[in-house]
Number of protein chains: 2
Amino acid sequence: MLSDVMEDYLKAIYQLQRETDDRIKTSEIAEELDVTSPTVTSMLDKLEDRELVDREKYRGVTLTDEGETVALEIVRHHRLLEAYLTEHLDYDWSEVHAEADRLEHHISEDFEARVADALGEPEVDPHGSPIPSADLEPPTRPEGKSIAEFEEGTVVTVAEVADRDPEVLSYLAEHGVEPGVELEIIEIAPFGMVTARSSEADDPVSLPESVASHVWVAAPAEPEA
Amino acid sequence: MLSDVMEDYLKAIYQLQRETDDRIKTSEIAEELDVTSPTVTSMLDKLEDRELVDREKYRGVTLTDEGETVALEIVRHHRLLEAYLTEHLDYDWSEVHAEADRLEHHISEDFEARVADALGEPEVDPHGSPIPSADLEPPTRPEGKSIAEFEEGTVVTVAEVADRDPEVLSYLAEHGVEPGVELEIIEIAPFGMVTARSSEADDPVSLPESVASHVWVAAPAEPEA
DNA sequence: TGCCGAGTTTAGACGGGTCTAACCCTAAAG
DNA sequence: CTTTAGGGTTAGACCCGTCTAAACTCGGCA
């Protein structure tokens, strides 16, 4: 049996791996989980003993297949919960993350199945993030780009908003930046700030690079304009 | 902040207190929580430090008002969850206990409020047990008797089935013993076994004293027959 | 090639929750 | 009033997850 904390580490490594595609360093995990580096090192020892991570001392870790499966299970729980809370308990898009973070470790397989069923086996959560399937096969990374990578003047459709900060999410929602909306990229400043107009809002919104890079657009099936 | 484990102890003490109305002894708590006596003693030290229990060494504990409030909060969570799982996620009456036991420590005030709202502020859970109100005032103990305390031939209405064992609950449900049904007491054997016929089942059912004592009947408002 | 700094790991401590073994108190029986 | 059995508490150990302080490694730069 794995502890909640171990699950958190595996999930963190998984998510960092999705972002960087490289070995994950101690300090990155420490940052992500808000603990010190030695704490991470000792946990990595334990995860290595259980063959949940591959490790090279001083050079970071990657998940083993088994570790990845565990991480996917937790991510599935998390995203199903987010979807359920918004659909059936009237939570706002921006509020669900913290609640799901606490609950994700404590639901049974049975609960997971019932929630998935109640939602009709959804494929994405309210932020547009893909929900791992019940078989926990590693999803192929969907192609996609952040809105910061487009030319000024382009109109794109938001697929995913990968931020977790509720304040940021509220702000984005207020300014019409949510999965599904169309965004016209108005300006990309030299320091990375993106200004865009949403189909759902009157005024344009400006987002610093750190936020804009979390707003993703699905790679279009090359609509031969 | 209280740990999950502390909450479990407070809840256990609360529930034992409902049953026995006396100081609760170390060994009773140990039994309830499936832990050894020294473990309970050391936990009681901590709860006493925090003024959540009143203690007399060698003679057991009672909850302080503050301890009772915490216990009521947990019980409220538990019973709301049980109600929600049966009403909205299609759980069976007999299955909800374990799931609620895990979740009860991890839901926010907000979640609690939304669940209560979705259910319409229910007053009892699926087992007929009263759900503490949101203000966490200690409920006055409802009058009531177990079916073992009636004369043979009496017809009673089941108000609460206070067992927690899913196997026992399944068995009872199969034989028509659930909150709301009418039960005709057919026989009370000298060793305490109760045989009764449910309005919801064809054949009578016999219950050993240990089970029968958990099947409660609300004290009727003395219907002057 | 050798040094240096950033980042990682080791060493050692601590609080939480649990255990077993040993000791001690309480209350009931004589 | 004394004994004793049963149960409660103390003592001491262990694992978990965390920390700080100190030692070490890697890789870039002189």
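Keep in mind the model is a prediction, meaning the values are calculated, not measured.
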Q.
Going by ring-ring contact (aromatic ring centres under 6.0 Å, His included), name the residues that satisfy it together with B:W93, two or more places apart in sequence or in a different chain.
A.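 With sequence neighbours excluded, B:W93 shows a ring-ring contact (aromatic ring centres under 6.0 Å, His included) to B:H127, given in chain and number order.
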
[X]: what forms a side chain to side chain contact (heavy atoms under 4.5 Å, CB included) with it, not counting sequence neighbours?
X: A:V124; result: none
X: A:E149; result: A:K145, A:S146
X: A:S42; result: none

Q: For DNA chain D, determine which residues of residues 26-44 of chain B have any heavy atom closer than 4.0 angstrom to one of its atoms, and list them numerically.
A: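 Within residues 26-44 of chain B, the residues near DNA chain D are B:T26, B:S27, B:S37, B:P38, B:T41.
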
Between [X] ([atom1]) and [N] ([atom2]), how many Å, whole number?
X: B:D8; N: C:dG17; atom1: CG; atom2: P; answer: 11 Å
X: A:D4; N: D:dT18; atom1: CG; atom2: P; answer: 11 Å
X: B:K25; N: D:dG6; atom1: NZ; atom2: P; answer: 13 Å
X: B:R50; N: C:dG15; atom1: CZ; atom2: P; answer: 13 Å
X: B:E48; N: D:dG8; atom1: CD; atom2: C1'; answer: 14 Å
X: A:D45; N: C:dA11; atom1: CG; atom2: C1'; answer: 13 Å
X: A:M6; N: D:dG17; atom1: CE; atom2: C1'; answer: 10 Å
X: B:E56; N: D:dT9; atom1: CD; atom2: C1'; answer: 15 Å

Q) What pairs meet the ring-ring contact (aromatic ring centres under 6.0 Å, His included) rule with one or both residues in residues 56-89 of chain A, with sequence neighbours excluded? A)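 Qualifying pairs: A:H78-A:H97, A:Y84-A:H88.
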
Of all residues at least two apart in sequence or in a different chain, which pass the side-chain hydrogen bond (donor to acceptor under 3.5 Å, both in side chains) check with [X]?
X: A:D135; result: A:S133
X: A:S27; result: none
X: A:E7; result: A:H105

Q: Applying salt bridge (charged side-chain N to carboxylate O under 4.0 Å, His left out), name anything that partners B:R102, two or more places apart in sequence or on another chain.
A: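 B:E99.
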
Q. Is there a side-chain polar atom (N or O) of B:R23 under 4.0 Å from OP1 or OP2 of D:dG8?
A.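 No, no such contact exists.
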
(Q) Regarding A:K11 and A:E104, does a basic nitrogen lie under 4.0 Å from an acidic carboxylate oxygen? (A)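 Between A:E104 and A:K11 there is a salt bridge, with a charged N closer than 4.0 Å to a carboxylate O.
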
Q: Could you check A:E137, A:E112, A:E123 and say which one makes a salt bridge (Lys or Arg N to Asp or Glu O under 4.0 Å) with A:R76?
A: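 Exactly one candidate clears the test, A:E112.
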
Q) Using the C1' atoms of the five pairs at each end, what is the angle between the end axes of the helix from C:dT1-D:dA30 to C:dG30-D:dC1, to 10°? A)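 For the helix from C:dT1-D:dA30 to C:dG30-D:dC1, the axes at opposite ends meet at about 20°.
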
Detail all sub-3.5 Å separations between protein N/O atoms and N/O atoms belonging to nucleotides 24-28 of chain D.
{"unit_1": "D:dG27", "atom_1": "OP1", "unit_2": "A:R59", "atom_2": "NH2", "d": "2.4"}
{"unit_1": "D:dG27", "atom_1": "OP2", "unit_2": "A:R59", "atom_2": "NH2", "d": "3.2"}

